[in-house]
K.L.:
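Mind looking over this structure? Questions follow.
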Amino acid sequence: MNLSDKTSEALDLLVGKAFDLNRSFDRAVSIMQNKWCMPNASSIIHHNLAHLFPLLADIISGFKDSWNLTTIYPETHKDDRDYSNLRDMMLILTNEVLDYYEMIKMVYKIAEEENDFNVMAMLIDFMNKITILVSQMFTLKDKAEQMPTNWDVFDNHISEWGIDGLDLGEK
């Protein structure tokens with residue numbers, strides 16, 4: 001085997017977390033669309049962020065495929081959270097993305113301990129992508145702090161804030 005079992009299992013956890021993030025963002029989008037009537041924000045966040053997380057999971061599982069290893073998909077969480085304002089929503093989503101970044105760093109350390117240098121190299125590129133995403137989340141969080149219940153203003157201006165997701169070469 002070209003990757004250690006420990007590293008392989010850690011990569012599976014990254015895949016699972018990406019699908020958890022998709023679930024969290026889809027729930028937030030549903031609230032924005034149906035509770036707060038924010039068609040622009042819900043569309044931008046849905047297509048540029050929520051849809052991004054399964055693609056990120058595909059990067060990890062594709063990497064494992066290249067080493068002839070199967071991916072095990074952990075269960076995702078049920079998400080029935082409700083939010084009373086954008087500030088709380090975006091703070092939670094930002095923290096979940098930051099948790100993902102921390103997970104990537106932990107997997108990097110595992111790969112380093114296991115001498116899985118190929119995984120370390122892939123994760124550096126992956127972390128750089130996530131850094132771009134973190135920046136976009138900080139923008140959303142900061143804007144939501146400025147207008148926690150001004151749904152119309154947030155919705156009308158979100159297209160100006162560069163919430164473009166990531167260019168992964170596929171959509």
Side-chain angles (χ1 to χ4, degrees), residues 10-61 73-110 122-171:
L11 290 170
D12 290 341
L13 294 176
L14 285 179
V15 168
K17 180 65 173 174
F19 283 107
D20 266 340
L21 284 163
N22 172 253
R23 176 80 42 98
S24 293
F25 276 75
D26 275 345
R27 175 65 181 156
V29 163
S30 180
I31 291 168
M32 284 188 283
Q33 177 66 37
N34 299 299
K35 195 172 174 185
W36 299 336
C37 193
M38 299 173 70
N40 297 326
S42 61
S43 179
I44 288 170
I45 291 172
H46 189 232
H47 293 105
N48 295 352
L49 300 180
H51 284 185
L52 175 64
F53 296 109
L55 297 175
L56 291 171
D58 285 349
I59 290 172
I60 302 293
S61 61
Y73 295 83
E75 292 182 32
T76 58
H77 72 284
K78 173 183 177 180
D79 198 336
D80 59 357
R81 289 178 284 193
D82 204 2
Y83 300 96
S84 60
N85 61 67
L86 286 163
R87 179 185 56 240
D88 293 346
M89 176 187 279
M90 292 305 157
L91 179 62
I92 287 169
L93 293 176
T94 299
N95 285 337
E96 287 184 17
V97 170
L98 290 171
D99 289 345
Y100 192 52
Y101 184 81
E102 291 301 316
M103 263 184 95
I104 296 165
K105 288 172 31 181
M106 286 188 286
V107 174
Y108 183 93
K109 289 178 184 175
I110 290 169
M122 181 271 298
L123 288 176
I124 292 293
D125 182 55
F126 197 75
M127 284 188 284
N128 287 333
K129 287 175 176 44
I130 299 302
T131 299
I132 295 166
L133 178 60
V134 167
S135 173
Q136 293 175 43
M137 291 308 303
F138 285 152
T139 297
L140 288 173
K141 180 184 70 65
D142 292 348
K143 293 297 185 181
E145 286 174 354
Q146 293 172 6
M147 51 190 102
T149 57
N150 293 336
W151 296 296
D152 288 341
V153 175
F154 190 99
D155 193 58
N156 287 330
H157 292 283
I158 190 170
S159 62
E160 302 163 12
W161 302 334
I163 309 304
D164 301 323
L166 299 173
D167 183 8
L168 300 177
E170 57 185 293
K171 283 241 177 181

K.L.:
Just jot down the side-chain contact (heavy atoms from CB on, under 4.5 Å) partners of V134, sequence neighbours excluded, or say none.
P.N.:
V97, L98, I130, F138

K.L.:
Might you point out which heavy atoms bring L49 and I163 nearest each other, and give the distance in Å?
P.N.:
CD1-CG2, 3.8 Å

K.L.:
Give a yes or no on whether the backbone of N40 and the side-chain of S43 come within a donor-acceptor separation of less than 3.5 Å.
P.N.:
no

K.L.:
Partners of H51 by ring pair (Phe, Tyr, Trp, His ring centres under 6.0 Å), sequence neighbours excluded?
P.N.:
H46, H47

K.L.:
Could I get the full list of side-chain contact (heavy atoms from CB on, under 4.5 Å) partners for D12, not counting sequence neighbours?
P.N.:
K64, T71, I72

K.L.:
In the structure I gave you, are the side-chain heavy atoms of I132 and D164 within less than 4.5 Å of one another anywhere?
P.N.:
no

K.L.:
So, for M38 and W151, which heavy atoms are closest and what is the spacing to 0.1 Å?
P.N.:
SD-CD1, 3.3 Å

K.L.:
Which residue pairs pass the side-chain hydrogen bond (donor to acceptor under 3.5 Å, both in side chains) test when at least one of the two sits in residues 90-104, sequence neighbours left out?
P.N.:
S24-E96, R81-E96, E102-K105

K.L.:
My understanding is that only residues two or more places apart in sequence, or in another chain, count here; which of them pass side-chain contact (heavy atoms from CB on, under 4.5 Å) with A10?
P.N.:
V107, I110

K.L.:
How would you list, by chain and number, every residue that makes a side-chain hydrogen bond (donor to acceptor under 3.5 Å, both in side chains) with D82, sequence neighbours excluded?
P.N.:
K35

K.L.:
Can you list the residues that meet the salt bridge (Lys or Arg N to Asp or Glu O under 4.0 Å) rule with D20, with sequence neighbours excluded?
P.N.:
none

K.L.:
Could you list all the salt bridge (charged side-chain N to carboxylate O under 4.0 Å, His left out) pairs where at least one residue sits in residues 131-149, not counting sequence neighbours?
P.N.:
K141-E145

K.L.:
Could you work out, with salt bridge (Lys or Arg N to Asp or Glu O under 4.0 Å) as the rule, every residue matching K109, not counting sequence neighbours?
P.N.:
none

K.L.:
State which residues pass side-chain hydrogen bond (donor to acceptor under 3.5 Å, both in side chains) with D88; sequence neighbours excluded, sorted by chain then number.
P.N.:
N85

K.L.:
By side-chain hydrogen bond (donor to acceptor under 3.5 Å, both in side chains), which residues pair with E160, not counting sequence neighbours?
P.N.:
H157

K.L.:
Could you work out, with side-chain hydrogen bond (donor to acceptor under 3.5 Å, both in side chains) as the rule, every residue matching T76, not counting sequence neighbours?
P.N.:
R23

